[in-house]
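Atom set for the values below is all heavy atoms of this structure, side chains included, hydrogens, waters and symmetry mates excluded.
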Protein chains: 2
Amino acid sequence: MPEQRFTSVWTREHKPRRAQQGLSREQIVRATVELLDAEGMESLSMRKLGAKLGAGATSLYWHVANKNELLELAMDEVFGAVRIPASDSWREVVGNVAWGLRAAILAHPWFTFVLGSLPALGPNAMNCSATLCAALARAGFQKHDIDYAGAAVLSYTVGATAPEAAYTSALKRRGITMEQAQRDLAPAVEKVARAHPEVHARFQEAVESTIDPLAHRQLAFDFGLVSMLDGLAMRLPKSADMSSNHQTH
Amino acid sequence: MPEQRFTSVWTREHKPRRAQQGLSREQIVRATVELLDAEGMESLSMRKLGAKLGAGATSLYWHVANKNELLELAMDEVFGAVRIPASDSWREVVGNVAWGLRAAILAHPWFTFVLGSLPALGPNAMNCSATLCAALARAGFQKHDIDYAGAAVLSYTVGATAPEAAYTSALKRRGITMEQAQRDLAPAVEKVARAHPEVHARFQEAVESTIDPLAHRQLAFDFGLVSMLDGLAMRLPKSADMSSNHQTH
DNA sequence: TGGGGTCTCGTACAGTGTTCGAGGTCACTC
DNA sequence: GAGTGACCTCGAACACTGTACGAGACCCCA
C-alpha cells in the first residue's frame, strides 16, 4: 500500500489570482452555496455549476482541485455566517454560538453532509470553535475539559439540528406539506403501535397538537441545550457560575 | 406541482416470498451491510452488490424498489444490533443505549449518512427510541419532556460519534495512520495558529499526549454524556433521582 | 516578434441508478 | 400431458456523473 497523504484545501496554499475577469474562486464558492441551497446536495454537479456561471464544467478544475475541495470551501462559507457573540457570560456565548450554528444548518441543510464527510479545517470553522473554547476556558474549565465541553455542545447542536434540517428541506423541495407527510407515515406508525402503544399515543398527541411545529422544534432544541449547559456547569471545578436555570433564549 | 407522496420501505407492505432459491430480501440486506462496512457509502453500487451475490444488478429491483429502500433496510439492521438493556435505573438504561448506539455507529460509519438522509421508521429504530422513552417516563418526565429528553440523548450520541466514525474509517480505508494524518494537517493548523494561539497550544498538547487516542475519545464522549444526563436529571419534576454524579461507564 | 504563464473548454472514459421488456422457471388446473 | 399465470432474472439502453488530458486562447513582458 503506497503511503497516502491526508489532503484538504486548507493544506495546500493558494495564491488568490488577479480578479480581473473570468472565474474566481470566491465567485465559484458563492455559486456553489446558492446551487446547494436551491437544489440540495445530490443535485450539485460540476456541469450544472459551470452552466450557472456561464462556463464549461472543466474550467472549474483550474480554480479547485476537485469537487471535495469545493465542498470544503462551501462548508467554511457557512461557518462564516455564524455570528460570533461577545459577552462575559460563558452561557450566553456558548448558547448563542449553538443557536447560530443551528440557524446556519437550517438555512443550508447540505452543510451536515459535508461536515460528516470532510474535515472542517477552514478559518471560519476554527474561529467558531476557538470562541467556544475561549469562553469555556474563561468560565473555569481546565485543560482537556475545555475541548470536551466545547465538543459536547457542538455535537449536540449538530446532532439535534441535522435531521430536522434534512427532513424539512426534503419535504419543501418535493412540495410535500407537513400534514401530507404525517398522513403518509401513518400506516407505518400504525404498524409499530402494536408493539409500542405508548409511542403511538405520543405520536397522536403530536399530530393533534395545536402548537406550531416550528415552535415545537425550537422548544425541543432548547430543552436539550439547556440540559447540556446545566450539566456542564456542574462540572466546573469551583462552582463559579450558579445561574444554572436561566433559559438561553 | 403534482401532489407528491412521502414514501419509505416501511409504508409499503411486503410479503416475504418463499425462501426457496435465488435472492431474498434478507440476503440482499446482509450483503449490503457487508459491502458498506468493507468499502464505505460511496462505493456501494447496485452492480457491485449484484456481483457480490452472483446476480445481475437489475435483479435486485424485484426485491427492493430502489437504492434508498435498500439503505433504509440496512440502517434498521444496524439499529437492531444495539443491545437493549433492562434495568430499573433510568440513567443506566439511557447510558447503555447511548453507548450501544455509539458502538454501532463506530462499527458502521456509513450509518449516520443514511440516518441523515432517510427517515428511521424501521421496527428496530422504533424499539430503540421506545425503550429510551419508556425509561425516561418511568424516571418521572412528563408528556413532551419525555420526547425532548430522549431526542437530546440520541442527538448528542449521534452528533458526537458520527464525525469520529467518519474520520477514523476514512483514514483506515485509505491506509493512513493517525500520526501521518496529524503530520499532514500540521501546516493548516500552523496557519490558524497565528489567529488563535490557544487553539494551537491545545492541538500540540493533543499530539504530544501519551494517552491512547481511543481512550481519549471515549473520555470525551463520556464527559458530554454524563453532562447531558446530569442536566436532564435537574429537569425531573420531583427530584426523584439524585445520584447525579455517578459515572455511566 | 516571440515566448511563457494563466485560463478555458471539447472530448473521452469509466462509472452511476433505474426503466423496460423479453425470457425463463415453477406450481397448479383442465 | 398441455396450458396458464405468477414469480423471478437479466441484457440493453438512457441520461447522468467526476475528472484526466491536451489543444488552444489570451495577455504581459522581454
Side-chain angles (χ1 to χ4, degrees), chain A residues 4 7-9 12-29 31-32 35-36 39-74 110 113-114 117-118 170 174, chain B residues 4-5 7-9 12-29 31-32 35-36 38-74 110 113-114 117-118 170 174:
Chain A
Q4 287 285 337
T7 60
S8 157
V9 219
R12 303 189 311 153
E13 94 277 30
H14 164 73
K15 46 179 86 168
R17 307 298 172 174
R18 59 200 161 121
Q20 317 245 55
Q21 66 208 9
L23 299 170
S24 76
R25 193 182 249 201
E26 295 77 32
Q27 188 190 7
I28 293 176
V29 173
T32 305
L35 219 157
L36 284 169
E39 312 199 19
M41 189 75 182
E42 67 283 357
S43 294
L44 174 71
S45 80
M46 300 304 263
R47 281 176 246 262
K48 265 195 210 168
L49 184 57
K52 183 182 168 76
L53 289 161
T58 55
S59 305
L60 305 170
Y61 283 87
W62 179 259
H63 304 272
V64 141
N66 50 41
K67 197 184 180 184
N68 277 355
E69 282 204 0
L70 204 50
L71 292 174
E72 284 189 82
L73 292 168
W110 48 270
F113 280 78
V114 185
S117 36
L118 268 17
R174 287 156 60 186
Chain B
Q4 288 285 338
R5 283 279 167 129
T7 60
S8 158
V9 219
R12 303 188 312 153
E13 94 276 33
H14 165 73
K15 46 179 87 166
R17 307 298 172 174
R18 61 206 160 113
Q20 315 246 57
Q21 67 209 8
L23 300 170
S24 76
R25 193 181 250 201
E26 296 77 35
Q27 188 189 6
I28 294 175
V29 172
T32 305
L35 219 156
L36 284 169
E39 312 200 20
M41 190 73 180
E42 66 283 357
S43 295
L44 174 71
S45 81
M46 300 305 263
R47 281 176 245 262
K48 265 195 211 168
L49 184 57
K52 184 183 168 76
L53 288 161
T58 56
S59 305
L60 305 170
Y61 283 87
W62 179 259
H63 304 271
V64 140
N66 50 42
K67 197 184 180 185
N68 276 355
E69 281 204 3
L70 203 51
L71 292 174
E72 283 190 81
L73 292 168
W110 47 271
F113 280 78
V114 186
S117 37
L118 268 18
R174 288 155 61 186

Could you state the CD-P distance from B:E42 to C:dT16, rounded to the nearest angstrom? 12 Å
Result block: side-chain N/O donor-acceptor pairs under 3.5 angstrom for residues 45-52 of chain A, not counting sequence neighbours:
unit_1, atom_1, unit_2, atom_2, d
A:S45, OG, A:K48, N, 3.1
A:K48, NZ, A:E39, OE1, 3.2
A:K48, NZ, A:S43, O, 3.2
A:K52, NZ, A:E34, OE1, 3.2

Counting only side-chain nitrogens and oxygens, does B:H63 get under 4.0 Å of the OP1 or OP2 atom of D:dT9? yes
If every non-hydrogen atom of A:A55 is compared with every non-hydrogen atom of A:L23, which pair is closest and at what distance? CB-CD1, 4.0 Å
Axis-to-axis angle between the two ends of the helix from C:dT1-D:dA30 to C:dC30-D:dG1 (five base pairs per end, rounded to 10 degrees): 30°
Short side-chain N/O contact to C:dC9 OP1/OP2 from A:S59, under 4.0 Å: yes
I need the CG-C1' distance between A:L60 and C:dC9, as an integer number of Å. 11 Å
Ignoring hydrogens, what is the shortest heavy-atom contact between A:L36 and A:M41? Give both atom names and the distance. CD2-CA, 3.8 Å
Which heavy-atom pair separates B:T7 from A:R174 by the least distance, and what is that distance? N-NH2, 4.3 Å
Results of side-chain contact (heavy atoms from CB on, under 4.5 Å) for B:A38 - residues two or more places apart only: none
Is the backbone of A:L71 close enough, under 3.5 Å, to the side chain of A:N68 for a donor and an acceptor to pair up by distance? no
Using whole Å, report how far CH2 of B:W62 lies from C1' of C:dG21. 13 Å
If I take atom CD in residue B:E39 and atom P in nucleotide C:dG15, what distance separates them, rounded to the nearest angstrom? 13 Å
What closest approach, in Å, do A:F113 and A:S117 show between heavy atoms, and which atom pair accounts for it? O-OG, 2.7 Å
Between the protein and nucleotides 16-21 of chain D, which nitrogen or oxygen pairs are less than 3.5 angstrom apart?
unit_1, atom_1, unit_2, atom_2, d
D:dT17, OP1, A:S45, OG, 3.0
D:dG18, OP1, A:L44, O, 3.4
D:dG18, OP1, A:K67, NZ, 2.8
D:dG18, OP2, A:M46, N, 3.0
D:dG18, N7, A:R47, NH2, 2.6
D:dG18, O6, A:R47, NH2, 2.9
D:dT19, OP2, A:Y61, OH, 2.7
D:dT19, OP2, A:K67, N, 2.9
D:dT19, O5', A:Y61, OH, 3.3
D:dT19, O4, A:R47, NH1, 3.4

Partner set under side chain to side chain donor-acceptor pair (under 3.5 Å) for B:S8, not counting sequence neighbours: B:E72
What is the distance, rounded to the nearest whole Å, between atom CG of B:L49 and atom P of D:dC10? 13 Å
